Amino acid sequence: MQASPFSPDCCSVSHKRPRPACPRPSPSTGVRSRAKTPPMNPSDLYESLRETVLAALAQIIPDLPAEIAARVEITPTKDTAHGDMATNAAMVSAKAARQPPGKIAATLAQRLTGGPAIATAEAAGPGFVNLRLHPGTFRALLPTILAAGESYGDSTAGAGTKINVEYVSANPTGPMHIGHCRGAVVGDALANLLHKAGYTVTKEYYINDAGAQVAALAWAAYWRYLQAIGSPMTEDAFAAAVPGGLQYKGEYLIAVGEALQAEFGPALATPDKTIAPAGLWLDTVKDRTIAAMMAEIRQDLRLLGVQQDIYSSERSLVASGAADTVIAGLEADGLIYEGVLEPPKGKTPDDWEPRPQTLFRSTQFGDDVDRPLRKSDGSNTYFANDIAYHADKIARGYDVLIDVLGADHGGYVPRMKAAVKAVSGGRVAFEAVLCQIVHIVKGGQPVRMSKRAGTYVTLRDLLDEVGKDAVRFAMLTRNADAQMEFDLDKVLATTRENPVFYVQYAHARCRSVLRAAADMFPDRPSTDLALASVATDSLDGDAELAVIRRLAQWPRIVQAAALAREPHRIAFFLYDLAADFHMLWNRGKDDTTLRFLQPDQPHQTLARLALVAATAIVIRSGLTVMGVTPVEEMR
RNA sequence: GCGCCCUUAGCUCAGCAGGAUAGAGCAACAGCCUUCUAAGCUGUGGGCCGGUGGUUCGAGUCCACCAGGGCGCGCCA
């Protein structure tokens, strides 16, 4: 399903999964059961401060309900005049405590001031408590990051939850085009993100190789086969004989036709080299063509940096009888009946006529209307097979199924959600991430994709032109939910306005400094691990602390992005971190004593190297989630 | 006609599960730099968060209605 190869443009859109109001009780470890057993992550500074605040709050309000405590947040302040972090603890607990928030805030501030981590705490505004941390509290994070490496920021939020992310799932009817690539990138990055957040993740591709489209593809390949063996038929004559006409006229099938000729000789045609009865060749040609197309698609995906764990075939699902079994199961549950649907209001199709159909009672699970499972020729609808496919995933033990779909499939979501609920008995959650259309722009002009006009922009073309990293990063600089403009010129720009470049450049600069340091101080190991034990007290500049403050946010960004299923947040975080780092770097332009490497100041230099190395780790870690290569130097 | 999504600075977009004075880049304006830390730096101006009501101590964020844009609406996937 998803982005059919006929979608006019590119990708698609987003979603809005009804997020479980209260993050769902969660099977084993509560995703959010922090009220009881907080999944303390010692390297998450915000989380540990939260524990401190909750402890202090519990002394002021001993009988504070757990659901109130769960709403207590520690957030970075927007304005450093307010300190480093703020908590809403007093405001959210005011009602339960029957005290004005200002009073609670004042008491809380008093208790928090002067702790091991907190320098000052003061009540402010409508009941915030602003926290100012000892600079040493932030600096202490550097050894933690350096020792943890790229595992810094890993979360335990998803522990015990198995998630299947299905994405791309393009019809195997041709090479991938730019319309597929947003879903591919978003799905892949989302899966990486969920993995980092502690979920057990499977990346999956559903091969839609059972429908009429694939039959049409086989006919088209057969035409190329006839050409390969020197058939006298004209294209028009052939097209007239094909049910539904000759589709898929792209040249990419020529090689398939030639391969068929090489394997079978003239055996698939009549002796006079015209169309043989379909029964003699259709399945064979279908097999070979689908295999060829999938090889093509997998190659395209590999070039995009996407490698899925499982490829499931709709065709084999049907052939194995699994689809029939699942439908029979629903029937046994009384969820299937023969009935006649009402025509849609306001827009009655021309050829509408009431007709009894085999229907699934999706309305029992929140859908608008019941949905047909069989076509008039007796075969399954796409939906019917998709139910079976999702039932298969459910049987494989996942707790959450996420489908990354094109926006044009938004209407499909409620019925699939209903089906998953029905099949799993409500145990498994179904979520959809919808990707909006991407408009490709080049030189200020829209690049239209039209098969008829022959301007069929393939993913391969796009990758050749701008490269995998730029494509992936750019696709993640916008919420999947919203339409996006992809400017081919801008993603190649080497300026700050190109986030791909800007972030890559920050990482390259970090690495460059570390390489230079190795030359400058050959006797002082500058590995991450060695730097974890250097004294960092000299890091007290505003720009230096700004970078560390940013690094401290990484774990909460990962967790929030994973929970919201929004991988684009990683891209924005990296951009901000890169900006902080570049600013620090630029300080050294005017004032050379602020440069990282000071040949006569080894201790100060090592402290700065610790900061640089930690920054590189977090950038690398974020880029890895996005599937973008962290480069060592800019070329 | 119905349903879902979107609407934030001139432009492209953020806004982290309702929190303080709504942010960034580009463009504009004003300075600085001409560097081997190349692919600039610093600062300024710029907003009725589509509109109107509502819920709340507090709304860009939640609810209702309206307007504009996108997608979908039986045997296509």
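All values derive from a computational prediction rather than experimental measurement. Numbers restart at 1 for each chain; the letters A, B, ... are given by sequence-line order, proteins then strands.
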### Task
Find which nucleotide of RNA chain B each of A:S376 and A:I557 is nearest to by heavy atoms, and output the residue with the more 5' nucleotide.
A:I557
### A:F383 or A:L584, whichever maps to the more 5' nucleotide of RNA chain B
A:L584
When you measure from the side chain of [X], which nucleotide among [options] comes out closest?
{"X": "A:K375", "options": "B:rC76, B:rG74, B:rA20", "result": "B:rC76"}
{"X": "A:R496", "options": "B:rA24, B:rC13, B:rC76", "result": "B:rA24"}
{"X": "A:E497", "options": "B:rA20, B:rG25, B:rA77", "result": "B:rG25"}
{"X": "A:R478", "options": "B:rC13, B:rC76, B:rG40", "result": "B:rC13"}
{"X": "A:A124", "options": "B:rA20, B:rG74, B:rC16", "result": "B:rA20"}
{"X": "A:L341", "options": "B:rC16, B:rA14, B:rG74", "result": "B:rG74"}
{"X": "A:H568", "options": "B:rA20, B:rG15, B:rC16", "result": "B:rG15"}
{"X": "A:P76", "options": "B:rC16, B:rU42, B:rA20", "result": "B:rC16"}

[N] pairs with which nucleotide, Watson-Crick or G-U wobble, both distances below 3.5 Å?
{"N": "B:rC32", "answer": "B:rG40"}
{"N": "B:rC11", "answer": "B:rG25"}
{"N": "B:rA77", "answer": "none"}
{"N": "B:rG72", "answer": "B:rC2"}
{"N": "B:rG50", "answer": "B:rC66"}

Hey, does [X] reach any base, or is it just sugar-phosphate, or nothing, if we go heavy atoms under 4.0 Å?
{"X": "A:R509", "value": "sugar-phosphate"}
{"X": "A:K490", "value": "nothing"}
{"X": "A:Q504", "value": "nothing"}
{"X": "A:T495", "value": "sugar-phosphate"}
{"X": "A:A86", "value": "base"}
{"X": "A:A579", "value": "nothing"}
{"X": "A:G588", "value": "base"}
{"X": "A:M583", "value": "sugar-phosphate"}
{"X": "A:Y505", "value": "base"}
{"X": "A:N130", "value": "base"}

### Query
Can you tell me how far C1' of B:rC71 sits from CZ of A:R182, to the nearest Å?
14 Å
### Query
Mind checking whether A:F383 and A:F360 have parallel, tilted or perpendicular rings, split at 30° and 60°?
tilted
### Query
Less than 5.5 Å between centroids and less than 30° between ring planes, does A:H409 satisfy that with B:rG72?
no
### Message
Donor-acceptor pair, distance only, cut-off 3.5 Å: does the side chain of A:R515 make one with the backbone of A:E632?
### Response
yes
### Task
For A:H180 and A:V168, indicate whether the former's side chain and the latter's backbone hold a donor-acceptor pair under 3.5 Å.
no
### Task
List the steps, then state whether side chain to side chain contact (heavy atoms under 4.5 Å, CB included) holds for A:L597 with A:L609.
CA-CA 8 Å; A:L597 304 177; A:L609 288 177; 3.9 Å; yes
### Task
Take atom C1' in B:rA20 and the same atom in B:rU35, then report the distance between them in whole Å.
42 Å
### Message
If I pick the P atom on B:rC48 and the same atom on B:rC11, what distance separates them, to the nearest angstrom?
### Response
12 Å
### Query
Between A:R569 and B:rC16, does any side-chain N or O lie under 4.0 Å from OP1 or OP2?
no
### Query
Under a 4.0 Å N-O cut-off, is there an ion pair linking A:E544 with A:R608?
yes
#### Entry: Pair of N/O donor and acceptor under 3.5 Å linking B:rA77 base with A:Y412 side chain
no
